[in-house]
Number of protein chains: 2
Amino acid sequence: MLAGMLDGKKTIDPSCPSRELLSHITSRWGVLTLIALKNKTLRFSELRQKLNGVSERMLIKVLKDFEKDGLVLRESYPVVPPHTEYSLTTSGLEAAGLITLLTDWIGNYQMKENAKPNKS
Amino acid sequence: MLAGMLDGKKTIDPSCPSRELLSHITSRWGVLTLIALKNKTLRFSELRQKLNGVSERMLIKVLKDFEKDGLVLRESYPVVPPHTEYSLTTSGLEAAGLITLLTDWIGNYQMKENAKPNKS
DNA sequence: CGGCATCCTCGCGGATACTG
DNA sequence: CAGTATCCGCGAGGATGCCG
C-alpha cells in the first residue's frame with residue numbers, strides 16, 4: 001500500500017498496482033469525472049459538456065478505465081440513435097466522496113489564502 | 001470551486017485557480033511527497049530516496065510549487081556541505097491527511113477486489 | 001549536498017475523420 | 001449519439017553536467 005510503504009522504511013514499488021488506480025483517479029479528467037457523476041447518472045454527451053474541454057477520446061479512455069476499475073457502471077441501450085448512461089458504482093461513490101473532500105478543502109484553503117492581507 | 005461548479009449547472013472554468021493547486025497535489029510525485037513528509041521532516045536527499053524514482057529536477061519542482069502553495073516549509077542551513085530540511089505546514093498536513101485517506105481507500109479497495117473469487 | 005540549466009525523449013492528450 | 005482509428009504537437013519529466 002502506498003502510504004504504508006512510505007511511512008515505513010521501504011521505498012515505493014513503482015510496479016505497485018495501486019499506482020495505476022491512483023493515477024486514474026487523480027488524473028486531470030478522472031477527478032472531474034468522478035465529481036460530475038457523483039450525484040447524477042449522465043449520458044456520454046452530457047458528461048462531455050459538463051467536463052468542458054475534454055476531448056472525446058480522453059473521456060472514453062477515462063470511462064473505460066473506471067469501468068475496468070469497478071468505479072463506473074456503463075449501461076448501453078441498443079436503440080437508434082445509441083443511448084449510453086454512465087453512473088458510479090458503490091465504490092465509485094466512495095472514491096468520489098474522498099475526491100470531493102479534497103477539492104472542497106482546496107476551495108476553502110484558497111479562499112482563506114486570498115483573504116489574507118499580505119497578498120499580491 | 002471545482003465541485004460546486006460541476007454540481008451546479010455551470011461548466012468548469014479551465015482558468016480556475018483551484019486547478020493549479022489540484023494538479024500539484026494530485027501530480028505523480030506530489031501525492032507521494034505529501035505522504036512522505038506527513039510524519040517526518042526530511043532532507044532533500046532523504047526525500048529523494050524515499051520517493052524511489054523521482055528525478056532531482058522533478059522533486060525540486062514539486063517542493064517549490066508546494067512551498068509557494070503554502071503546503072511545504074523549506075529550511076535551509078548555510079553550512080558546508082549544505083543542509084536543507086523540508087516539512088509540511090499546517091495546511092500541508094491537512095492536505096496530506098486527505099491524500100492519505102484516498103490512498104488508504106485505494107489500498108483497501110484493491111485488497112477486497114483481489115479477494116473476490118472471479119479474478120484473473 | 002542541494003540546486004540550476006540544458007538537452008532530449010516519450011507518451012499524454014487534442015484534433016480530425018469515419019462507422020454503426 | 002456513441003464510439004473507433006489515426007495522426008501529431010507539445011510539455012511533463014528524465015539524464016547529464018556544473019556551481020555554491
Side-chain angles (χ1 to χ4, degrees), chain A residues 11-15 19-34 36-37 40-69 72-88, chain B residues 11-16 19-34 36-37 40-69 72-87:
Chain A
T11 57
I12 288 184
D13 179 1
S15 64
R19 289 285 269 267
E20 200 190 340
L21 181 51
L22 180 66
S23 74
H24 290 165
I25 294 178
T26 61
S27 73
R28 180 176 181 192
W29 301 116
V31 172
L32 302 176
T33 299
L34 287 176
L37 288 178
K40 292 183 126 187
T41 291
L42 290 177
R43 299 183 59 173
F44 185 82
S45 48
E46 292 172 327
L47 196 49
R48 188 152 141 65
Q49 281 171 11
K50 268 211 170 183
L51 308 191
N52 199 12
V54 225
S55 70
E56 196 181 70
R57 185 171 155 276
M58 276 303 109
L59 183 54
I60 289 175
K61 186 185 182 308
V62 167
L63 288 170
K64 270 196 175 158
D65 285 343
F66 278 162
E67 196 188 355
K68 270 190 194 170
D69 295 332
V72 158
L73 180 68
R74 187 190 110 113
E75 286 173 297
S76 187
Y77 302 95
V79 296
V80 173
H83 186 110
T84 311
E85 292 187 343
Y86 293 91
S87 57
L88 294 184
Chain B
T11 57
I12 285 185
D13 179 2
S15 65
C16 177
R19 290 285 270 263
E20 200 190 341
L21 181 51
L22 180 65
S23 74
H24 291 166
I25 294 178
T26 60
S27 73
R28 179 177 181 192
W29 301 115
V31 172
L32 301 176
T33 299
L34 287 175
L37 289 177
K40 293 185 126 190
T41 291
L42 290 177
R43 301 183 57 172
F44 186 82
S45 47
E46 292 172 328
L47 196 49
R48 188 151 141 66
Q49 280 170 14
K50 268 211 171 182
L51 309 191
N52 199 11
V54 223
S55 72
E56 191 184 75
R57 186 171 156 277
M58 275 305 108
L59 183 54
I60 290 176
K61 187 186 183 308
V62 168
L63 288 170
K64 269 196 175 158
D65 285 343
F66 278 162
E67 197 189 354
K68 271 191 194 168
D69 295 332
V72 157
L73 180 66
R74 186 191 112 111
E75 285 173 297
S76 186
Y77 302 95
V79 296
V80 172
H83 187 110
T84 312
E85 292 187 340
Y86 293 90
S87 56

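Throughout, protein chains are lettered first and strands after them, A, B, ... in sequence-line order, and every chain is numbered starting at 1.
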In Å and rounded to the nearest 0.5 Å, what is the [atom1] to [atom2] distance from [X] to [Y]?
X	Y	atom1	atom2	value
A:Leu22	B:Arg28	CG	CZ	11.0 Å
A:Leu63	A:Leu37	CG	CG	7.0 Å
A:Arg19	B:Leu32	CZ	CG	5.0 Å
B:Ile25	A:Thr26	CD1	OG1	11.5 Å

Rounded to the nearest Å, what distance is computed from the [atom1] atom of residue [X] to the [atom2] atom of nucleotide [N]?
X	N	atom1	atom2	answer
A:Glu56	D:dC7	CD	P	18 Å
A:Asp65	C:dC12	CG	P	11 Å
A:Leu32	C:dG13	CG	P	12 Å
A:Leu59	C:dA15	CG	P	14 Å
A:Lys64	D:dA2	NZ	P	15 Å
B:Arg48	D:dA15	CZ	C1'	10 Å
A:Ile60	D:dC1	CD1	P	14 Å

- [ ] Could you check which residues of residues 78-86 of chain A get a heavy atom under 4.0 Å from DNA chain C? Sort them by number, please.
- [x] A:Pro82

Task: Set of side-chain contact (heavy atoms from CB on, under 4.5 Å) partners for B:Thr84, sequence neighbours left out - done: B:Arg74, B:Ser76, B:Tyr86

What protein N or O atoms touch nucleotides 8-14 of chain D N or O atoms at under 3.5 angstrom, if any, and at what distances?
residue : atom : partner : partner atom : Å
D:dG13  : N7   : B:Arg57 : NH1          : 2.9
D:dG13  : N7   : B:Arg57 : NH2          : 2.9
D:dG14  : OP1  : B:Arg28 : NH1          : 3.2
D:dG14  : OP2  : B:Ser55 : OG           : 2.9
D:dG14  : N7   : B:Arg57 : NH1          : 3.1
D:dG14  : O6   : B:Arg57 : NE           : 3.3
D:dG14  : O6   : B:Arg57 : NH1          : 3.3

Open item on the list: Filter on salt bridge (charged side-chain N to carboxylate O under 4.0 Å, His left out), then keep only pairs touching residues 53-63 of chain A, sequence neighbours left out; what's left?
Closed with: A:Lys61-A:Asp65

TODO: State which residues pass salt bridge (Lys or Arg N to Asp or Glu O under 4.0 Å) with A:Asp69; sequence neighbours excluded, sorted by chain then number.
DONE: none

Kindly list each side-chain donor-acceptor pair under 3.5 angstrom involving residues 40-47 of chain A, sequence neighbours excluded, with atom names and distances?
residue : atom : partner : partner atom : Å
A:Arg43 : NE   : A:His83 : ND1          : 3.4
A:Arg43 : NH1  : A:His83 : ND1          : 3.0
A:Arg43 : NH2  : A:Pro82 : O            : 3.4
A:Arg43 : NH2  : A:His83 : ND1          : 3.3
A:Glu46 : OE1  : A:Arg43 : N            : 2.7

